[in-house]
Visitor: 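Structure incoming, see below.
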Amino acid sequence: MAPKATDPSIDSRPGRRIAHLDMDAFFASVELLERPELKGLPLVVGGPRRRPGSEPGHGMRLGDYRGRGVATTCTYEARAFGVRSGMGLMKAAALAPEALLLPANFEAYRRSSAAFKAAAVAIAPVMEDRGIDEIFLDLTEVPGESRELGMRLKVAVREATGLTCSVGITPNKLLSKIASELQKPDGLTILSQDEVPTRIWPLAISVINGVGPKAAEKLRSLGLETVGQVAAANPAELIGHFGQSYGRWLFEAAHGRHDSPLVTSRDPKSISRETTFERDLHPKADREQLSKILLDLCTRLAGDLARQHVLAKGVGIKLRYEDFRTVTRDVTLVRPSRDPEALREAARACLKRVDLDRKLRLLGVKAGTLVEEGGFLGEFQPGLFED
DNA sequence: TCTGGGGTCCTAGGACCC
DNA sequence: TCTGGGGTCCTAGGACCC
């Protein structure tokens, strides 16, 4: 099954140069721009949201926090205590009670994000957006040496935002993503394919984007802990354990081979809203409160759909029970819609199909199979083919 | 002292159609 | 009456990422 040379999922141009640019401790660093006097202190961003337009949060002692938030980002000083992004704040507080907890200010982060991306694109116009704090850039056609281009990118980002970033430049996305991590913060790492055995093989397999905790654990149980060990494994055995697709990919990735192109634009596939309650709620005893929350989620989701000029053909709910078990249900609408009432009605129909005798910690609503507003896709147009 | 919110992609079974 | 294969849609869950 040799793919054609024109296969859009493969970019095998010789001499390809891909950069991965990753902002350093992004949210925390943006906070430090507003409050430079906090530089050098252990800071954690997360928990309660700062209202758009409000004063810079004064923050609080992490040890005084009570609630269900997680650390979105933390400074390197906080990491020294063992705090990590994604960690529950109560656990983080046990590790670093004296750290300062700052509420997240997404308005400011989005502004810095737009600024660093604009600065990067001015140097290398082909960009893949990987979220608020990282991008891939295609440097293949950009004149200049890799190290010089990397320095130019870093200087441009710092001038545009006042922030540092780490850059990896290699022949592909997979290696660049690893490379940008190697000398964080404020790093610049250039890697060629030849250097994979010396620079990448000694690293833990989990450095590869796409190898998460589950796959890493399964590999470990097979005696494969480093990238090099996976590269030396029998590909047939990997396929036996992980399936044709993932097994093959794993083997190629361990050799640093990866030819997927930059994705420079994409249509949204789904839009969702969800919320974790401050305390667990019972579907029956707290019915009114849950009903209000559902309406609010549907209303916000409808607003999101309107801003994107799309209608939902599918509507789903997500519930998380107090024991953290998560279930989803979804339905296909007779007619695509973004009316809050239609969303709520569909969500209620889904709710009838789940266990409502146990307490919940989270409720979410999702719009899937999105169709363009006014588009013909999937929509029956009465009268169109009649006379 | 448990674990946010917003996404993508993949798998897999069953319905249904040709 | 039995066998069968391909294709698509729908639904549920899970791994993974930022």
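Every chain is numbered from 1 and lettered A, B, ... according to where its sequence line falls, protein lines coming before strand lines. Model, not experiment: these values are computed from the prediction.
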Visitor: Between A:Lys366 and A:Glu274, does any side-chain N to carboxylate O distance fall below 4.0 Å?
Guide: no
Visitor: With a 4.0 Å cut-off on heavy atoms, is A:Ser85 in touch with a base, just the backbone sugar-phosphate, or nothing at all?
Guide: nothing
Visitor: Have a look at A:Ala215 and say if it touches a base, only the backbone sugar-phosphate, or nothing, with a 4.0 Å heavy-atom cut-off.
Guide: sugar-phosphate
Visitor: Tell me what A:Gly63 touches on the nucleic acid: a base, only sugar-phosphate, or nothing, going by heavy atoms under 4.0 Å.
Guide: nothing
Visitor: Check this for me, if you would: do A:Arg13 and A:Glu141 make a salt bridge, where the nitrogen-to-carboxylate-oxygen distance has to be below 4.0 angstrom?
Guide: yes
Visitor: Given that A:Ile271 and A:Ser245 both sit by DNA chain B, which one's nearest nucleotide is further toward the 5' end?
Guide: A:Ile271
Visitor: Heavy atoms, side chains only, cut-off 4.5 Å: are A:Met127 and A:Leu262 in contact?
Guide: no
Visitor: Using 4.0 Å as the upper bound for N to carboxylate O, is an ion pair formed by A:Glu252 and A:Arg248?
Guide: yes
Visitor: Under 4.0 Å between any heavy atoms, over every strand shown, what does A:Arg353 touch: base, sugar-phosphate, or nothing? Just pick one.
Guide: sugar-phosphate
Visitor: Would you call A:Lys284-A:Asp357 a salt bridge at under 4.0 Å N-O?
Guide: yes
Visitor: Going by heavy atoms closer than 4.0 Å, what residues in residues 358-365 of chain A are next to DNA chain B?
Guide: A:Arg361, A:Leu362
Visitor: Base, sugar-phosphate, or nothing: which does A:Ile208 touch, judged by heavy atoms less than 4.0 Å apart?
Guide: sugar-phosphate
Visitor: For nucleotides 7-9 of chain C, list the nitrogen or oxygen atoms of the protein found under 3.5 Å from its nitrogen or oxygen atoms, one pair per line.
Guide:
none

Visitor: Output yes when at least one side-chain N/O atom of A:Thr275 is less than 4.0 Å from OP1 or OP2 of B:dG4, else no.
Guide: no
Visitor: With a 4.0 Å cut-off on heavy atoms, is A:Lys269 in touch with a base, just the backbone sugar-phosphate, or nothing at all?
Guide: sugar-phosphate
Visitor: Does OP1 or OP2 of C:dA12 have a side-chain N or O of A:Arg329 closer than 4.0 Å?
Guide: yes
Visitor: In terms of base orientation, is C:dC2 syn or anti, with the syn window spanning 90° either side of 0?
Guide: anti
Visitor: Between A:Lys154 and A:Asp186, does any side-chain N to carboxylate O distance fall below 4.0 Å?
Guide: yes
Visitor: For DNA chain B, whose closest nucleotide is more 5', that of A:Met90 or that of A:Lys318?
Guide: A:Met90
